> 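Got a structure for you, written out below as structure tokens; questions coming shortly.
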Amino acid sequence: MNYWLMKTEPDVFSIDDLKAAGKEPWDGVRNYQARNLMRDEMKIGDPIFIYHSRVKPMGIVGEARVASEPYPDPTQFNPDEKYFDPKSDPENPRWVLVDVEYVRHYPKTLELSMLKQVPELDGMMLLAKGSRLSIQPVSEAHWNHIQSMIGD
DNA sequence: GCCAACGTTGGC
DNA sequence: GCCAACGTTGGC
């Protein structure tokens, strides 16, 4: 089992939206590293931290899980879509996604500023300077420590 | 809203 | 295949 963190801008799609939807295709990822993680590493049932970026407060707001095998992101073939990619060949799609299923909100946002002060989380990709990857692997130790901060 | 850090693109 | 120019991300 692998653990993950997925960033989202709540103005665009928040954890509340995910809760309302129940399950959501995580479309619009246009970064090869992030794509490769979805395509090659994610397994159904893998737990995911949902992270809200570019808002106050920024931080981990809850939990989801991987709910499908990887499959082609349909938005890449739709010219009306923001994420349309004219270079993607339907015979060999460039972009894939997985479905993400809501699990729970955490009782309090685990704020970025707070996480940075936790020695046990040293080395976490989220906390590295300049780390912009929107889908990140999380080590089991870091996952478990954050669970303990929630009170589990 | 600014801008540093990154990723991608395309001319050569 | 290098790398300058450009676009984007996302914390501040």
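All values reported here derive from a predicted model rather than from experimental measurement. Chain letters run A, B, ... following the sequence lines, proteins first and then strands; every chain starts at 1.
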> Do A:Met1 and A:Glu140 have side chains that approach each other closer than 4.5 Å (heavy atoms only, starting at C-beta)?
no
> Decide whether A:Ser88 and A:Gln76 meet the rule of one side-chain donor and one side-chain acceptor closer than 3.5 Å.
yes
> Over all strands shown, is A:Lys87 touching base, sugar-phosphate only, or nothing at heavy-atom distances under 4.0 angstrom?
sugar-phosphate
> Kindly indicate whether the side chain of A:Met58, heavy atoms from C-beta on, has any atom under 4.5 Å from the side chain of A:His52.
no
> Here's a test of your reading of the structure: between A:Tyr32 and A:Gly130, which maps to the more 5' nucleotide of DNA chain B?
A:Gly130
> So if I apply the salt bridge (Lys or Arg N to Asp or Glu O under 4.0 Å) rule between A:Asp73 and each of A:Arg35, A:Arg94, A:Arg30, which one comes out positive?
A:Arg30
> For a quick check under 3.5 Å, do A:Trp26 and A:Asp99 share a side-chain donor-acceptor pair by atom type?
no
> Please assess A:Val96 against A:Tyr71 for the test side chain to side chain contact (heavy atoms under 4.5 Å, CB included), listing each intermediate value before the final yes or no.
CA-CA 5 Å; A:Val96 302; A:Tyr71 62 95; over 6 Å; no
> With heavy-atom distances below 4.5 Å as the criterion, would you say the side chains of A:Leu37 and A:Trp4 are in contact?
yes
> With a 4.0 angstrom cut-off to heavy atoms of chain A, pull out the first and last contacting nucleotide of DNA chain B, in 5'-to-3' order.
B:dA5 to B:dG10
> Wobble G-U and Watson-Crick pairs count when both distances are under 3.5 Å; given that, what is the 5' to 3' dot-bracket string of DNA chain C, with | for pairing to other strands?
||||||||||||
> Answer yes if the ring centres of A:Trp143 and A:Phe49 are under 6.0 angstrom apart, and no otherwise.
yes
